[in-house]
Amino acid sequence: MNVKVTLKDGSIREVDSGISVIELAKQISEGLARVATCGRIDGEVVDLRKEIDHDCSLEILTFDSDLDGRKAYWHTTSHIMAQAVVRLFPDTKLAIGPSIDEGFYYDFDTVENFTDEDKAKIEEEMKKIIKEDLPIERFSLPKKEALELMKNEPYKQELINELPEGEEISFYKQGEFTDLCAGPHLMSTGKVKAIKLLTNSGAYWRGNEKNKMLQRIYAVSFPKASMLEEFIKLQEEAKERDHRKIGKDLNLFMTHKLVGAGLPMYLPDGATIRRCLERYIQDKEIALGYSHVYTPSLANVDLYKTSGHWDHYKDDMFPVMQMENEELVLRPMNCPHHMLIYKNSLHSYKDLPIRIGELAHDFRWENSGAVCGLERVRQMCQNDAHLFVRPDQIKEEVGKVLKLIVEVYQKDFGFPAESFRYRLSLRDKANKEKYIDNDEMWNTAESQLRAILKELNIEFYEAEGEAAFYGPKIDIQIKTALGHDITIPTCQLDFALPERFELSYIGEDGKEHRPVVIHRAILGTSDRFISFLLEETKGVLPTWLCPHQVKILPISEKHVEYANTIKEKMQKEMIRVDVDDRSEKIGYKIREAQLSKVPYMLVVGDKEAEENKVSVRDRKDGDIGQMKTDEFIEKIKKEIADKVISNK
RNA sequence: GCCACUUUAGCUCAGUUGGUAGAGCAACUGACUUGUAAUCAGUAGGUCGUCCGUUCAAGUCGGACAAGUGGCUCCA
């Protein structure tokens with residue numbers, strides 16, 4: 001933000017581009033600066049005196065790259081929306097209306113739910129309020145008077161009552177409408193130019209499902225109509241990246257209501273991608289000293305009573321199946337099985353760490369409203385492993401896991417580092433029944449993970465209430481094309497399950513010691529990883545993962561025989577190759593192959609057949625010229641060599 | 001699970017005020033034998049998500065259920 005301000009003595013001072021709008025506003029309210037004379041909106045220098053047409057101690061706010069300005073802009077629009085709703089539906093009670101990353105929402109307690117028609121009316125009314133260009137005034141009241149002013153607004157009263165005693169409580173007034181608000185806001189409603197109501201949905205008061213459900217309307221606003229158009233365009237692009245759309249277009253997976261919600265079926269091409277990924281990650285793990293096992297998806301319910309899952313995780317599990325005298329459940333996690341595998345033999349301190357991995361199917365009851373393509377499912381395949389370590393090995397092993405994550409995501413897949421945020425997931429100290437009760441254990445585990453992250457110089461944030469019931473985690477969070485914040489890789493520290501299963505190793509001193517368990521998943525689950533992969537790559541997968549790596553396109557039926565001979569040659573080299581032998585023009589075949597995102601198209605006709613060559617067309621660069629068939633086979637083998645041991 | 005919306009051919013979508021369905025692409029057949037992003041013609045394909053109701057008559061109106069979509073809650 002680059003702004004010139006006129007100081008009270010009349011001198012003009014340029015404010016650093018690094019200053020935030022809030023900071024500038026503070027300077028103004030402190031009397032340091034009076035009014036800005038020019039600033040940038042959407043990159044263009046404009047005269048702010050035109051933007052700010054009355055003098056008060058309000059903030060100067062513009063919608064440019066400054067996040068604070070953007071938030072104030074949206075926040076103001078949310079007040080305009082609330083004003084419109086109150087005008088149209090006077091019995092509405094107001095809850096909260098904050099700005100969010102992309103726009104804002106407002107929660108209303110209404111007599112009846114909003115329909116699409118209501119939304120259109122609200123949008124019209126908002127445009128009127130903008131046209132009225134109502135000045136926005138800020139004032140503050142002591143608590144008692146604030147409560148009196150909001151006597152008809154129970155949600156606002158609840159909020160006021162929670163504010164600390166003695167604090168000034170600020171309000172913003174525009175025309176007949178006044179709302180409790182910390183600000184900041186624009187100077188008047190007319191500053192808002194382009195608005196669009198997006199979706200409405202139910203939302204619980206304070207996000208607690210025990211509270212009343214309110215009506216939430218999401219919306220965006222911009223200072224220029226063109227920016228709104230741009231926003232809509234970006235939204236459409238995000239839809240194109242949606243893994244469910246790509247999955248359908250490329251025939252990767254399907255669901256069927258007879259199978260059930262959240263239970264996708266992988267079609268041949270999707271199954272190929274998954275098989276390659278699973279082989280890849282297992283090969284990586286083998287190289288790092290992991291041993292893989294197979295364990296059943298069903299277990300006696302007592303296993304989970306022993307592990308503690310039954311007490312802490314029951315609601316997320318499928319119900320017990322009672323057969324003869326046994327009570328069986330589908331497993332939600334693999335840890336208990338792996339604990340028993342560890343316990344199956346005696347271990348020396350010299351044997352540790354022991355790393356037990358499995359591509360294991362887990363079953364979790366997800367709310368019907370939560371399931372989403374491959375991203376949230378009710379049966380998933382975890383790329384799971386449990387590392388049984390001595391306490392002195394925790395740091396090294398967690399470090400190795402984090403290193404593997406970086407290697408996979410950044411080196412092998414080339415995903416940009418900015419896509420990921422490291423989250424230290426801690427317990428919620430106020431909600432003790434959710435977690436295994438052992439404060440000492442929690443404190444040790446949490447501080448150890450924090451120390452490791454710091455030591456490795458990894459930037460992270462802490463989140464209370466995100467831990468597993470048995471221990472804290474380092475989760476790697478990503479934001480999907482759909483804007484969901486999800487975990488893919490995870491690394492968890494667990495002192496609890498070793499205790500519960502009475503695990504031990506024989507130490508140097510000849511006595512029994514308790515190992516520590518590190519739970520980790522690199523791809524997370526195959527399902528969620530594929531959803532992420534498809535969205536991140538827009539379906540243009542690296543060659544080693546492509547279900548169809550090469551498509552041979554004969555110019556005419558005369559050339560099908562030659563096409564088939566090179567196909568056989570490639571198949572022997574474990575390349576996934578098809579021949580398009582239909583009687584279509586070459587342009588048509590290329591178009592189809594291109595849309596199916598095949599990395600290499602080999603056009604073959606008389607010229608190629610004579611010289612035992614192929615004309616290579618790359619999906620990104622188009623025609624890249626002729627080469628000998630053997631030369632092409634070597635090229636593609638080289639391309640996939642470091643990811644793949646067995647390609648089929 | 002909760003709130004809102006959606007569900008018509010394999011896919012993408014039309015379908016006027018209720019009078020038992022259309023297009024494009026795909027598929028199939030035939031002709032064309034093709035040189036780097038769509039050759040032409042023809043054929044076939046649907047109890048309009050399922051069930052119940054209103055009506056002389058329901059893709060269209062009402063209800064229940066299911067699946068899907070956007071959120072909330074939850075979560076790998």
Side-chain angles (χ1 to χ4, degrees), chain A residues 105 107 110 113-116 118-119 198-218 239 242 244-245 248-249 251 254-262 313 315-316 332-333 362 364-378 380-384 465-466 468 473 475-478 482-490 492 519 521-529 531-532 553-560 582-595 601-608 615-619 622-624:
Chain A
Y105 67 80
D107 284 348
T110 56
N113 297 333
F114 294 126
T115 63
D116 286 353
D118 293 337
K119 272 166 63 191
L198 300 172
T199 57
N200 52 327
S201 72
Y204 303 103
W205 168 238
R206 322 209 103 173
N208 185 334
E209 65 181 322
K210 290 187 183 95
N211 288 342
K212 180 158 189 189
M213 179 165 281
L214 309 170
Q215 294 297 307
R216 174 173 299 178
I217 302 180
Y218 286 87
K239 260 187 214 156
D242 188 330
R244 291 166 299 190
K245 177 167 164 46
K248 199 175 211 175
D249 289 349
N251 284 312
M254 64 175 280
T255 56
H256 198 285
K257 65 176 178 182
L258 288 177
V259 176
Y313 209 77
D315 292 344
D316 295 311
M333 290 170 179
D362 292 331
R364 297 182 187 177
W365 177 256
E366 293 289 348
N367 279 336
S368 55
V371 296
C372 174
L374 296 180
E375 186 184 306
R376 278 289 280 282
V377 295
R378 287 175 175 163
M380 70 207 81
C381 182
Q382 278 213 56
N383 158 229
D384 204 7
E466 296 288 352
K473 312 188 278 183
D475 291 320
I476 285 84
Q477 296 300 111
I478 64 132
L482 308 173
H484 302 163
D485 190 40
I486 57 168
T487 306
I488 300 187
T490 180
Q492 318 177 352
H519 307 240
I522 306 299
L523 302 184
T525 65
S526 303
D527 316 277
R528 181 172 282 185
F529 186 84
S531 77
F532 168 68
L553 311 177
I555 296 283
S556 80
E557 274 168 32
K558 284 188 296 195
H559 311 112
V560 170
R582 294 173 303 172
S583 117
E584 295 287 351
K585 287 171 78 175
I586 193 67
Y588 181 84
K589 292 182 186 180
I590 287 171
R591 181 182 155 80
E592 277 212 343
Q594 186 79 43
L595 290 175
M601 289 153 261
L602 304 183
V603 177
V604 294
D606 288 334
K607 281 185 279 178
E608 288 78 9
S615 285
V616 184
R617 196 177 202 284
D618 183 278
R619 66 182 158 184
D623 195 351
I624 57 170

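In what follows, chains carry the letters A, B, and so on, assigned in the order in which the sequence lines appear, proteins first and then strands, with residues in each chain numbered from 1.
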**Q** Roughly how far apart, to the nearest Å, are B:C32 and B:C40 at atom C1'?
**A**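 Each nucleotide's C1' atom is 8 Å from the other's.
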**Q** Between A:Glu584 and A:Arg591, is a salt bridge (Lys or Arg N to Asp or Glu O under 4.0 Å) present by the stated rule, with each step listed?
**A** CA-CA 11 Å; A:Glu584 295 287 351; A:Arg591 181 182 155 80; over 6 Å; no
**Q** Is the distance from OP1 or OP2 of B:U12 to the nearest side-chain N or O of A:Lys248 less than 4.0 Å?
**A**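 A:Lys248 to B:U12 OP1/OP2: side-chain N or O found under 4.0 Å.
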**Q** Could you state the CD1-P distance from A:Ile590 to B:A37, rounded to the nearest angstrom?
**A**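 From A:Ile590 CD1 to B:A37 P: 6 Å.
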**Q** Indicate the atoms forming the closest heavy-atom contact of A:Asp623 with A:Arg617, along with that distance.
**A**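 Result for this residue pair: N-CG, 3.8 Å.
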**Q** Between B:G70 atom C1' and A:Lys119 atom NZ, what is the distance in whole Å?
**A**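 For the pair A:Lys119 NZ and B:G70 C1', the rounded distance is 9 Å.
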**Q** Does a side-chain heavy-atom distance below 4.5 Å link A:Ser368 with A:Arg378?
**A**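 Yes; the side chains approach each other to less than 4.5 Å.
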**Q** So, is A:Arg582 close to the B:U34 phosphate, meaning a side-chain N or O under 4.0 Å from OP1 or OP2?
**A**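 Result: no.
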**Q** Would you please confirm or rule out a distance under 4.0 Å between OP1 or OP2 of B:A26 and any side-chain N or O of A:Tyr588?
**A**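 Affirmative; the distance criterion is met.
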**Q** Check this for me: does the side-chain of A:Ser201 come within 3.5 Å of the base of B:C2 through a donor and an acceptor?
**A**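 Per atom types, no contact qualifies.
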**Q** A:Asn367 side chain: which of B:U33, B:U73, B:G68 is closest?
**A**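 Given the options B:U33, B:U73, B:G68, the side chain of A:Asn367 is closest to B:U73.
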**Q** Paired with B:A58 by Watson-Crick or G-U wobble geometry, both distances under 3.5 Å: which nucleotide is it?
**A**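 Pairing partner: none.
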**Q** Supply the atom-to-atom distance A:Arg582 CZ to A:Lys589 NZ, rounded to the nearest 0.5 angstrom.
**A**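 Rounded to the nearest 0.5 Å, the CZ-NZ separation comes out at 7.5 Å.
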**Q** Between P on B:A26 and CG on A:Asn251, what's the gap in Å once rounded to a whole number?
**A**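 Value for this atom pair: 15 Å.
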**Q** For A:Gly587, answer base if it contacts any base atom (sugar-phosphate contacts may also be present), sugar-phosphate if it contacts only those atoms, and nothing otherwise; contact means non-hydrogen atoms under 4.0 Å.
**A**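 A:Gly587: backbone/sugar contact only, no base atoms under 4.0 Å.
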**Q** Need to verify one output field. Residue with the more 5' nearest nucleotide on RNA chain B, A:Gly262 or A:Gly622?
**A**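 Taking each residue's closest nucleotide, the earlier one in sequence belongs to A:Gly622.
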**Q** For atom C1', what is the distance between B:G62 and B:U54, given to the nearest Å?
**A**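 7 Å, rounded to whole Å.
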**Q** With respect to the side chain of A:Asp242, which nucleotide from B:G70, B:A76, B:G1 is positioned closest?
**A**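 The answer is B:G70, which lies nearest to the side chain.
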**Q** Quantified in whole Å, what is the P atom distance between nucleotide B:G46 and nucleotide B:U8?
**A**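 It works out to 15 Å between them.
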**Q** Nearest to the side chain of A:Met380 - B:A76, B:G68, B:A38?
**A**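 The closest nucleotide is B:A76.
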**Q** So does A:Arg244 get a side-chain nitrogen or oxygen closer than 4.0 Å to the phosphate oxygens (OP1/OP2) of B:U69?
**A**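 Looking at the OP1 and OP2 atoms of B:U69, one of them is under 4.0 Å from a side-chain N or O of A:Arg244.
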**Q** Which part of the nucleic acid does A:Ile555 contact within heavy-atom distance under 4.0 Å: base, sugar-phosphate only, or nothing?
**A**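 Counting heavy atoms under 4.0 Å across all strands, the contact made by A:Ile555 includes a base.
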**Q** Indicate, with a heavy-atom threshold strictly under 4.0 Å, whether A:Arg528 touches base, sugar-phosphate, or nothing.
**A**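 Result for A:Arg528 = base.
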**Q** What distance separates A:Asp527 CG from A:Gln382 CD, expressed to the nearest 0.5 Å?
**A**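 Rounded to the nearest 0.5 Å, the CG-CD separation comes out at 10.0 Å.
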**Q** Name the closest nucleotide to the A:Glu557 side chain, picking from B:G35, B:U69, B:U33.
**A**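 My answer, after comparing the listed nucleotides, is B:U33.
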**Q** Does B:G46 have a Watson-Crick or wobble mate here (both distances under 3.5 Å), and if so which one?
**A**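 By the stated definition (distances under 3.5 Å), nothing pairs with B:G46.
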**Q** Regarding A:Ala521, tell me which of base, sugar-phosphate or nothing describes its non-hydrogen contacts under 4.0 Å with the strands shown.
**A**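 No contact.
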**Q** Of the nucleotides B:A66, B:U36, B:G35, which has the atom closest to the A:Lys257 side chain?
**A**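 For the A:Lys257 side chain, the nearest candidate turns out to be B:A66.
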**Q** Which base sits across from B:C2 as a Watson-Crick or G-U pair, both distances under 3.5 Å?
**A**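 Here B:C2 is engaged in a pair, and the nucleotide opposite it is B:G71.
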**Q** Check whether the side chains of A:Gln477 and A:Thr487 place a donor and an acceptor atom closer than 3.5 Å, and report yes or no.
**A**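 The answer is yes; a qualifying pair exists.
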**Q** Does A:Asp315 reach a base, just sugar-phosphate, or nothing at all? Heavy atoms under 4.0 Å.
**A**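 A:Asp315: no heavy atom of the nucleic acid under 4.0 Å.
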**Q** If I take atom CZ from residue A:Phe529 and atom SG from residue A:Cys381, how far apart are they, to the nearest 0.5 angstrom?
**A**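 These two atoms lie 13.0 Å from each other.
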**Q** Give the nucleotide from the list B:A37, B:G35, B:U34 with an atom nearest to the side chain of A:Val603.
**A**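 The nucleotide sitting nearest to the side chain is B:G35.
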**Q** Both distances under 3.5 Å, Watson-Crick or G-U wobble: report the partner of B:A14, or none.
**A**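 Per the H-bond distance test, none.
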**Q** Could you give the CD1-to-P distance, from A:Ile217 to B:A4, as a whole number of Å?
**A**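 Answer to the nearest Å: 13 Å.
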**Q** How many whole angstroms separate atom CG of A:Asp249 from atom P of B:C11?
**A**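 It is 12 Å, rounded to the nearest whole Å.
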**Q** What integer distance in Å separates A:Gln492:CD from B:C75:P?
**A**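 Computing the A:Gln492:CD to B:C75:P distance gives 13 Å.
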**Q** What's A:Tyr218 touching, base or sugar-phosphate or nothing? Going by heavy atoms closer than 4.0 Å.
**A**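 Answer is sugar-phosphate: A:Tyr218 comes under 4.0 Å of backbone atoms only.
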**Q** As a test of reading the structure: which of B:U73, B:A37, B:A26 is closest to the side chain of A:Ala370, going by heavy atoms?
**A**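 So the nucleotide nearest the side chain must be B:U73.
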**Q** Mind calculating the distance between CD (A:Glu584) and C1' (B:U36) to the nearest angstrom?
**A**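 Whole-Å distance recorded here is 15 Å.
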**Q** Look at the side chain of A:Arg364 and the backbone N and O of A:Asp316, then say whether any donor-acceptor pair between them is shorter than 3.5 Å.
**A**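 Not confirmed, A:Arg364 side chain does not pair with A:Asp316 backbone.
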**Q** If you assign each of A:Gly373 and A:Glu466 to its closest nucleotide in RNA chain B, which residue comes earlier from the 5' end?
**A**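 First, find each residue's nearest nucleotide; the 5'-ward one identifies A:Gly373.
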**Q** Expressed in whole Å, how much space separates the P atoms belonging to B:C25 and B:U43?
**A**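 It comes out at 15 Å once rounded to the nearest Å.
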**Q** What does A:Glu366 touch in the nucleic acid at a heavy-atom separation under 4.0 angstrom: a base, only the sugar-phosphate, or nothing?
**A**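 Touches a base.
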**Q** Tell me what A:Glu592 touches on the nucleic acid: a base, only sugar-phosphate, or nothing, going by heavy atoms under 4.0 Å.
**A**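 Answer is nothing: A:Glu592 stays at 4.0 Å or more from every strand.
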**Q** Using a heavy-atom cut-off of 4.0 Å across all strands, would you classify A:Ser615 as base, sugar-phosphate, or nothing?
**A**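 The answer is base, as A:Ser615 lies within the cut-off (heavy atoms under 4.0 Å) of a base atom.
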**Q** Donor-acceptor pair under 3.5 Å: do we get one between A:Arg376's side chain and the base of B:C74?
**A**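 Answer yes: a donor N or O sits under 3.5 Å from an acceptor.
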**Q** Heavy atoms under 4.0 Å, any strand shown: does A:Gln382 hit a base, just sugar-phosphate, or nothing?
**A**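 No contact at all - A:Gln382 keeps every heavy atom at 4.0 Å or more from the nucleic acid.
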**Q** Short question: side chain of A:Arg528, backbone of A:Glu375 - any donor-acceptor pair under 3.5 Å?
**A**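 Answer holds: yes.
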**Q** Reckon A:Lys585 has a side-chain N or O less than 4.0 Å from the OP1 or OP2 of B:U36?
**A**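 No, A:Lys585 has no side-chain N/O under 4.0 Å of OP1/OP2 on B:U36.
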**Q** Reckon A:Glu608 touches a base, only the sugar-phosphate, or nothing at all at heavy-atom distances under 4.0 Å?
**A**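 Here A:Glu608 touches the bases of the nucleic acid.
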**Q** At 4.0 Å (heavy atoms only), tell me whether A:Thr525 reaches a base, stays on the sugar-phosphate, or touches nothing.
**A**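 Since a base atom lies under 4.0 Å of A:Thr525, the category is base.
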**Q** Separation of A:Trp365 atom CH2 from B:A76 atom P, in whole Å?
**A**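 For the pair A:Trp365 CH2 and B:A76 P, the rounded distance is 18 Å.
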**Q** Side-chain N or O of A:Ser368 less than 4.0 angstrom from OP1 or OP2 on B:G1?
**A**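 Yes, A:Ser368 has a side-chain N/O under 4.0 Å of OP1/OP2 on B:G1.
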**Q** Is A:Lys473 touching bases, backbone alone, or none of the nucleic acid, heavy atoms closer than 4.0 Å?
**A**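 Counting heavy atoms under 4.0 Å across all strands, the contact made by A:Lys473 is with sugar-phosphate only.
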**Q** If B:A66 has a Watson-Crick or G-U wobble mate with both distances under 3.5 Å, name it; if not, just say none.
**A**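 For B:A66, the partner nucleotide comes out as B:U7, under the 3.5 Å rule.
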